Every structure is written in C-alpha cells, then in structure tokens.
2 protein chains.
Amino acid sequence: MVEQKIRLSVDAVVFGYEEGVISVLLIKRKYDPFKGKWAIPGGFVLNNESLETAVERELQEETGVKINYLEQLYTFGDVERDPRGRVVTVAYVGLVRPNTFKIFAATDASQVQWFTIDKLPELSFDHQKILLTAIARLQAKITYEPIGFELLDTKFPFSDLEKLYTTLLGRPIDRRNFRKKILGLNVLDELDEKVSKGSGRPANLFQFNQKRYFQLKKEGIIFEI
Amino acid sequence: MVEQKIRLSVDAVVFGYEEGVISVLLIKRKYDPFKGKWAIPGGFVLNNESLETAVERELQEETGVKINYLEQLYTFGDVERDPRGRVVTVAYVGLVRPNTFKIFAATDASQVQWFTIDKLPELSFDHQKILLTAIARLQAKITYEPIGFELLDTKFPFSDLEKLYTTLLGRPIDRRNFRKKILGLNVLDELDEKVSKGSGRPANLFQFNQKRYFQLKKEGIIFEI
DNA sequence: ATATCTTTGTGTACACTATACACAATATGG
DNA sequence: CCATATTGTGTATAGTGTACACAAAGATAT
C-alpha cells in the first residue's frame, strides 16, 4: 500500500460571553474557496507544531484573540468536505473573555466579528456542522465541568453566572436553588467587594477557586448542575 | 506559508466482553518501528476514504473483527509521537461481540490477541495513553448511553448486564436497585425464553429495544445509571 | 425626603429519587 | 432428597431536587 499524506487543518470555535449574550468569533475569508464568506478561524498544521500550538498560532495570526480555555472537539474527515481536495480538520472549542483584548483581522481573514449564536451567517465548508457540534458540546459540558467561569471575569456577581447558565441552557433557572447548588459545591470564594450596575441592590463579588475544585475532584466529588 | 501535508492514521481500541471479563484487541507489530511489540490496530488513511471507512478497513485487514459500534475518541497530534516522523492519529473506540467471529492476524500484524484490560502488555508509540483514554471513555459513557448492550449478545440474561456494569465500573451494584432502574427506563423487552447456565435458577432473557430508546431520547428522557 | 423601582439575597415544605437490605423461587449435582 | 447456586422480588429511610415569596439595599423620580 502506498503511504499517503493528507492536508491537516485545525479550526477553533471560540465562544465569548457578555451581558447575557453568547457569541462566536468568525472570520470573513479573504481568499478562495468561499472568498468573502464567513468561516470558523483556523488553518493548516505545520510539520513541527502540535495541534494545540497550531490552533493558538492561527487564532493569534488571524484574529488576535487570547484563549482562556481550549479543548479538542472532534475531527472532521469526510472526503468531500473541502473543494480544494482532501482536508481533515481537527476542531477545537475555545473560551475567551472578550473584554480582555481587541480583535483584528489579518492573514487569511478580511474581517473578524462576534456573532450571537442564534443569529449566525451562512458558513463556508462544513463549518455549520462544526459550529453546531461545538454549541452542543458547550451546552453539555457546563453542566458537569466548571468551564462557565472561563467566560466570566475573574471576579463576578452571582447574577452573571446565573444569566450565563440560563442563556446557555436556554431555560430559566430558579435563583435560590441554583445558588444553593453552586455554593454547596464549595468552589466559589465570596469576596468582600460589592459592585452595583445601575439600579438595584449592589451584588457581592465571587471568584472561582480552581485549587479547591481540583481537590474536590480528586476526592471524587463531581461538579454537576 | 508553505502548505504542508501530514501522515494521518486511524487507530481503533476494540473492546470485547465475555463472562465477566473486558478485553482489548491488540496486534503484534510485524515491522519496525516497534517490531514484535504490541500495539493498537490501525493504519494510514487513504486519500479517498473517510476516517470511519479507514478504521473499518484496517481492522478487517489486520484482525478480521466485525465492529458492532464505533465512535471517535480523540485525535493525538504530538510532534514526536512516532519515530518515523510526524504522524497524527485519530483514535476510535469500537465495541464487538467476540463470539460472533474469529480473529486472525494479517498484513502489518504477526499476531492478534485479546488482553484483559487489567493485564495489558507494554505498548508501542503512545498507545498506552490512547488505551487509557479509551477505557476512561467507555467507563464514563456506559453510565449515560446504552452502549453496554453492544458488548452483549442480542438476547441476554439480566445478570450478564449486571456483571458487565460491575466489571466496567469496578464496583459492586445492588441487584434489586439496578434492575429497578434499568427496567424503569423501559428499553428492555423481556422475552419468553429462559436460559440456565450450570446450576441455579434459569434466567429470563432480555433484549435491548433500540427503537424504544430513540423514542424516549426524542422525548428528552435520558438513560442514566 | 419620600415613594417607587430595580436587583440581590434568603428558607421551608413537599415530591421524588437513591439506597440499603433479606428471603423465596427454581434449577443442578451429589 | 438434600445441599448448593443463581435468579427474582418489595419496602422503609435518607437524601436530593423543586417549587415558591418576601425582605434588603441601593438608584431614580417627584
């Protein structure tokens, strides 16, 4: 059998959250195929870099984002998924805090933009499928891993967390029960700082305590919403 | 940037179950690197076949197994994982019923053998890491998807299912509660057949009803152990 | 400064689910 | 027919999930 080589690319579905809205970072393609169409940022893997390195490099080059959390999603390998020929893509999910950096468009991207996940544009290649897979993963994962905090500021009012979950899960949450459950997990530190946004009682700030989470995980205590 | 191509392979961690023992199918490598050492079966992806097709082809060629269930596990892409140079591997998990076919060794394999998962030999490449990832996936997944049935005969006594779960989860299960829970999910058909193995009261046979499972899944009812 | 509005923060009662637990039924083997 | 092995079954209790309403603290308008 002849040994074959295949073009291998990495794509990253990058989610951000601000004020009750979940967004995805997309680029407008500068070159063919799909020139002028929106796509998930990504690119080809170089011979001497790991997949994760490739993702971070491509994101940095094309969009300027600072990734806060990155996990492998799925590898898409259908034969006809790219008109240029055989391309297999390892897709990743990234979580970022959009307010900690400024995005820009460069290299293969003529534009970079945040899109609300319920108002997505038409996408290139099989990127719609990848994006939907990523959304499903995110929705599933926040219920059993504390990755929601990666989308929030390090210090956040409890209501931000609640709003994030209602948004992501697409259903209302009982405030008292949610608070009881999360605080019962013992992974949040309540700070002595308050913050008030507009009217209403000022909120206490909380902080995710990763060390405590790892301890609990070792003891077999599972995070679950 | 120069567009690069990379050797892409697929590997399949194939699990089988018989009489209270979970096994993994491994091959002994016929050629270098790691000639004579045990490895997870797999091989390079051809240009005109999907990843799943490649997995099934390689398994058929090397070992003769008939795959009953196949799912993508993870893609391993470290730069130095193969001494021949850059090779990225998409790993799969396969479940089979070992008593429905005969394994044989061919092409790259000089031997094929079932190994109990707690008595594994030393493995080639980063295959130990892949295998451990696969075991973790299997253990996690049987608690929220009804994939355990893919390892059993189509008709099975309830005790087989129970033994499978105790083995995989590595802890005892209360028979009455387990039965209550599983039967309460309403995905098993109780047949009018009995089977007796050796001494003891003969057991009723059950059968997994996939249609009913899909119906319930649509209605949002989740399988959970 | 007072009333009104907005958001945060808190406890309890009830339903449901998980868990612990023991003995009868039905076969086989001496 | 007696001992042994395996299947099959119900109930009581603890624990968890869920539903639900009002006070506290600040901002805004009159």
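No experiment lies behind these values; they were computed from the predicted model shown. Just so you know, these numbers use all the heavy atoms, side chains as well, and skip hydrogens, waters and symmetry mates.
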Test of understanding: with salt bridge (charged side-chain N to carboxylate O under 4.0 Å, His left out), list the residues that count as partners of [X], not counting sequence neighbours.
{"X": "B/R81", "answer": "B/D126"}
{"X": "B/K194", "answer": "none"}
{"X": "B/K66", "answer": "none"}

For [X] and [N], give me the distance from atom [atom1] to atom [atom2], rounded to whole Å.
{"X": "B/E193", "N": "D/dT7", "atom1": "CD", "atom2": "C1'", "value": "17 Å"}
{"X": "A/F206", "N": "C/dT8", "atom1": "CZ", "atom2": "C1'", "value": "10 Å"}
{"X": "A/N204", "N": "C/dT7", "atom1": "CG", "atom2": "C1'", "value": "14 Å"}
{"X": "A/K163", "N": "C/dG9", "atom1": "NZ", "atom2": "C1'", "value": "15 Å"}
{"X": "B/R171", "N": "C/dA18", "atom1": "CZ", "atom2": "C1'", "value": "12 Å"}
{"X": "B/K197", "N": "C/dG29", "atom1": "NZ", "atom2": "P", "value": "15 Å"}
{"X": "B/I182", "N": "D/dG8", "atom1": "CD1", "atom2": "P", "value": "14 Å"}
{"X": "A/L205", "N": "C/dT8", "atom1": "CG", "atom2": "C1'", "value": "12 Å"}

query = Heavy atom of residues 215-225 of chain B under 4.0 Å from DNA chain D: which residues?
reply =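 Close to the strand, none.
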Residues in side-chain hydrogen bond (donor to acceptor under 3.5 Å, both in side chains) with [X], at least two apart?
{"X": "A/E162", "value": "none"}
{"X": "B/S9", "value": "B/T89"}
{"X": "A/E190", "value": "A/N204"}
{"X": "A/S124", "value": "none"}

ask   = Using a cut-off of 4.0 Å between protein heavy atoms and nucleotide atoms, how would you tag nucleotides 20-30 of chain D 5' to 3' with B, S and -?
value = BB--BBBS---
ask   = According to the ring pair (Phe, Tyr, Trp, His ring centres under 6.0 Å) rule, which pairs have a member within residues 170-191 of chain B, sequence neighbours left out?
value =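 The answer is B/F158-B/F178, B/Y165-B/F178.
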task = Could you give me the CA-CA distance, side-chain angles and deciding distance for A/E150 and A/Y17, then say whether side chain to side chain donor-acceptor pair (under 3.5 Å) is met?
result = CA-CA 10 Å; A/E150 312 289 344; A/Y17 173 79; over 6 Å; no
query = Can you tell if the side chain of B/T154 reaches within under 4.5 Å of the side chain of B/R97, non-hydrogen atoms only?
reply =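 Side chain of B/T154 against side chain of B/R97, heavy atoms only: contact under 4.5 Å found.
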Show which side-chain atoms of residues 127-135 of chain B pair as donor or acceptor with protein atoms under 3.5 Å away, not counting sequence neighbours.
residue : atom : partner : partner atom : Å
B/H127  : ND1  : B/I40   : N            : 3.0
B/H127  : NE2  : B/D11   : OD2          : 3.1
B/T133  : OG1  : B/K129  : O            : 2.7

Interface with DNA chain C, restricted to residues 138-162 of chain B and to heavy atoms under 4.0 Å =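 Close to the strand, none.
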